[in-house]
Amino acid sequence: LFALRLNNNNLTGPLPTRLTELSFAKNLAILDLSGNQFTGAFPDPTNMTLLIEYDVSNNLFEGPVPRGFNSNILNIVALSNCRANGTIPD
């Protein structure tokens, strides 16, 4: 699986915490959950080592800005219109 695009589907509630630990997550290049009403913590990108796009904007995620991105290949991190706090990681 190269891309997981669930954007603009009016999905609600928390994501399963293990979503990013599933076997397909390590091969994801695009995670687009934007435009829903997901709640809880931001999805952890640590296991998604090939990620080039992480878009969780326009949701109800809250908490610290996620860490663990592979910054060598990451192009887009979109957190707008969420409830992020803390500092932006290097």
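Start at 1 with the first residue, then count along the sequence.
In this structure, N36 has no side chain to side chain donor-acceptor pair (under 3.5 Å) partners at least two apart in sequence or on a different chain. Not a single salt bridge (charged side-chain N to carboxylate O under 4.0 Å, His left out) links E62 to another residue, sequence neighbours left out. Residues forming a side chain to side chain contact (heavy atoms under 4.5 Å, CB included) with A84 (at least two apart in sequence, or on another chain): F42, V65. The side chain to side chain contact (heavy atoms under 4.5 Å, CB included) check on N70 picks up N72, I73, with sequence neighbours excluded. Residues satisfying the side chain to side chain donor-acceptor pair (under 3.5 Å) test with T87, not counting sequence neighbours, are R67.
Counting only residues at least two apart or in different chains, ring-ring contact (aromatic ring centres under 6.0 Å, His included) contacts with residues 62-89 comprise Y54-F69. Within the structure, salt bridge (charged side-chain N to carboxylate O under 4.0 Å, His left out) contacts touching residues 36-50 (residues at least two apart or in different chains) do not occur. The salt bridge (charged side-chain N to carboxylate O under 4.0 Å, His left out) pairs that include a residue from residues 9-21 are R18-E21, where partners are two or more places apart or lie in different chains. Within the structure, salt bridge (charged side-chain N to carboxylate O under 4.0 Å, His left out) pairs that include any residue of residues 69-87 do not occur (at least two apart or interchain).
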For residues 24-33, please give each side-chain donor-acceptor pair under 3.5 Å, one per line with the distance, not counting sequence neighbours.
| unit_1 | atom_1 | unit_2 | atom_2 | d |
| --- | --- | --- | --- | --- |
| D32 | OD1 | S34 | N | 3.1 |
| D32 | OD1 | S34 | OG | 2.7 |

What pairs of donor and acceptor atoms, side-chain ones from residues 1-16 against any protein atom, are under 3.5 angstrom apart with sequence neighbours left out?
| unit_1 | atom_1 | unit_2 | atom_2 | d |
| --- | --- | --- | --- | --- |
| N9 | ND2 | L6 | O | 3.0 |
| N9 | ND2 | N7 | O | 3.0 |

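Contact of the N85 side chain with the P64 side chain is registered, since non-hydrogen atoms from C-beta on lie closer than 4.5 Å.
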